[in-house]
Amino acid sequence: MKKGWKDLPIGGVILEAANTKKYATGDWRTFRPVIDLDKCTNCMRCWIFCPDSAVCLVDGKVNHFDYEHCKGCGICAVECPDNVKAITMIEEAKAKEGK
Amino acid sequence: MGKLVALTGNIAVATAMRQINPDVCAAYPITPSTQVMEQFSEYVADGLVDTELIATESEHSAMSACIGAAAAGGRVMTATSSQGLALMWEMLYIAAGMRFPITLACVNRALSAPINIHGDHSDSMGARDSGWIQIYAENAQEAYDNQIQTVRIAEHMDVRLPVMSCMDGFITSHAIDSLELLDDKTVRDFAGEYKATHPLLDVEHPVTYGALDLQDYFMEHKRAQAEAMKNSRKVILDVAREYKKLSGRGFEYFEEYYMDDAEIAIVILSSAAGTVKVVVDAMRAKGEKVGLLRPRVFRPFPYNELSDALSNVKAVAIMDRADSHGAEGGPLFMEFKSALYNNKKQPIMINKIFGLGGRDLMLPDIETVYRELRDIKNTGKIRTVSEYITVRGEEAAYGKA
Ligand code: SF4
Ligand code: SF4
């Protein structure tokens with residue numbers, strides 16, 4: 001149950017630090033990044049540039065995306081070096097249909 | 001008994017601020033409120049207060065700095081007028097929405113264009129929907145008294161809203177008036193210590209202010225803000241009563257002048273009420289049952305109390321020192337009309353727009369309004385619902401009497 005007006009802290013103040021994790025910025029995405037790990041050189045540019053910390057590492061290497069928070073801005077795909085281009089943006093609707 | 005002094009309204013307010021000793025004042029000078037901060041900056045320079053005074057590059061920045069300082073956890077004050085208040089507009093709503101108990105001395109002045117530095121209420125009336133509590137003073141004494149009360153109202157835990165304490169530009173702000181001051185300790189004790197709820201400077205408990213608030217929560221926050229304004233009704237009364245005990249002075253929601261048996265009445269804000277009282281005295285001496293109702297609190301508007309105060313009057317003129325172009329009358333008129341809508345007993349109401357840009361309201365003008373009210377009472381007929389008075393080019397007798 002979401003809180004009613006009597007139970008919220010006044011003035012829209014957020015009392016919990018670092019709680020943006022709870023805000024699913026991924027649900028307005030229209031394009032989603034997909035990574036080809038065979039091409040990826042693990043330069044970490046996408047990881048550095050992602051504004052939502054949605055590029056996830058496994059054992060220190062770029063591995064997948066956190067689709068709950070990835071908003072589909074496409075910065076990672078642009079920043080992936082021209083001679084690599086390991087990230088493609090595909091339509092979210094198509095991805096959901098499993099195409 | 002306090003000390004009797006001769007001060008301008010501006011210096012009276014600056015004195016109240018000195019006695020309260022706020023943490024931060026951020027301001028930008030604008031006539032006629034400049035003297036408030038000019039005087040206060042002397043107190044800062046002389047080491048009479050601990051206040052951090054921030055001279056900003058505009059009023060928008062001044063209110064922004066006030067908001068930042070309030071978020072940090074400080075007791076914050078500022079002063080402005082007219083275009084300055086207009087430039088603060090965006091930030092006024094933010095101060096109220098973020099529930100910061102900032103207090104602002106608003107020295108009322110006309111809004112441009114045409115450019116004019118004199119007193120009318122178009123500045124603060126334009127801000128009436130910004131979520132600020134608004135209190136209007138008749139004279140320097142009341143401006144001083146109100147200023148002291150603002151912090152207690154704003155900071156009350158049931159309220160936590162900003163308060164605008166208004167006085168008329170030049171007439172009150174610059175004329176030297178005799179008034180009684182409380183001693184510093186009494187004021188400081190009355191104001192008490194401010195405790196911020198979630199100060200940013202409390203680094204052990206980090207919080208976020210000003211986060212995005214969409215369809216899912218915005219309305220809940222606005223509903224809570226509306227409740228705070230509702231709660232302020234009781235707080236304003238309690239604080240006024242406590243202050244009266246301390247000083248022997250002051251009004252609650254409004255002042256009634258010969259209203260007990262009044263058949264016709266004028267409703268008017270701020271300094272012009274003083275002029276109306278002179279006319280009431282003269283007409284009462286001739287046995288005419290005239291009265292005056294001077295609202296002190298405009299936001300929250302005391303609907304029930306004000307409409308009760310008028311329920312036995314036959315005809316009333318609501319006099320506005322501001323217009324709301326395209327509406328049926330000035331802002332005060334509209335409030336009273338809606339306040340009285342649900343009353344069984346309703347006086348006949350007319351509206352007079354007066355005093356724009358500092359235009360004088362003279363004794364004969366007021367007498368003419370009372371005479372018109374007397375005719376309305378006798379005949380039940382209204383010539384016109386709302387009109388400008390003391391303006392050249394109108395047919396009515398105002399200014400000619
Ligand atoms: S699309 Fe944008 S949000 Fe999503 S992973 Fe790439 S950079 Fe991050
Ligand atoms: S920018 Fe491209 S190459 Fe570099 S880590 Fe990301 S996906 Fe791999």
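Owing to the predicted nature of the structure, the values given are computational and were not obtained by experimental measurement. Chain letters run A, B, ... following the sequence lines, proteins first and then strands; every chain starts at 1.
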Hey, could you give me the [atom1]/[atom2] distance between [X] and [Y], rounded to the nearest 0.5 Å?
X: L214(B); Y: Y23(A); atom1: CG; atom2: OH; result: 5.0 Å
X: I10(A); Y: M98(B); atom1: CD1; atom2: CE; result: 11.0 Å
X: N19(A); Y: T208(B); atom1: CG; atom2: OG1; result: 6.5 Å
X: E220(B); Y: L8(A); atom1: CD; atom2: CG; result: 6.5 Å
X: I14(A); Y: D213(B); atom1: CD1; atom2: CG; result: 8.0 Å

Practice task
Check whether L161(B) gets within reach of chain A through its side chain, its backbone, both or neither, counting any heavy atom under 4.5 Å.
Solution key: neither
Is it the case that over 12 heavy atoms from other parts of the model lie below 6.0 angstrom from the [atom1] atom of [X]?
X: K85(A); atom1: NZ; answer: yes
X: Y28(B); atom1: OH; answer: no
X: E52(B); atom1: CD; answer: no
X: H205(B); atom1: NE2; answer: no

Practice task
Report yes if some heavy atom in the side chain of M219(B) is under 4.5 Å from a heavy atom in the side chain of W5(A); otherwise report no.
Solution key: no
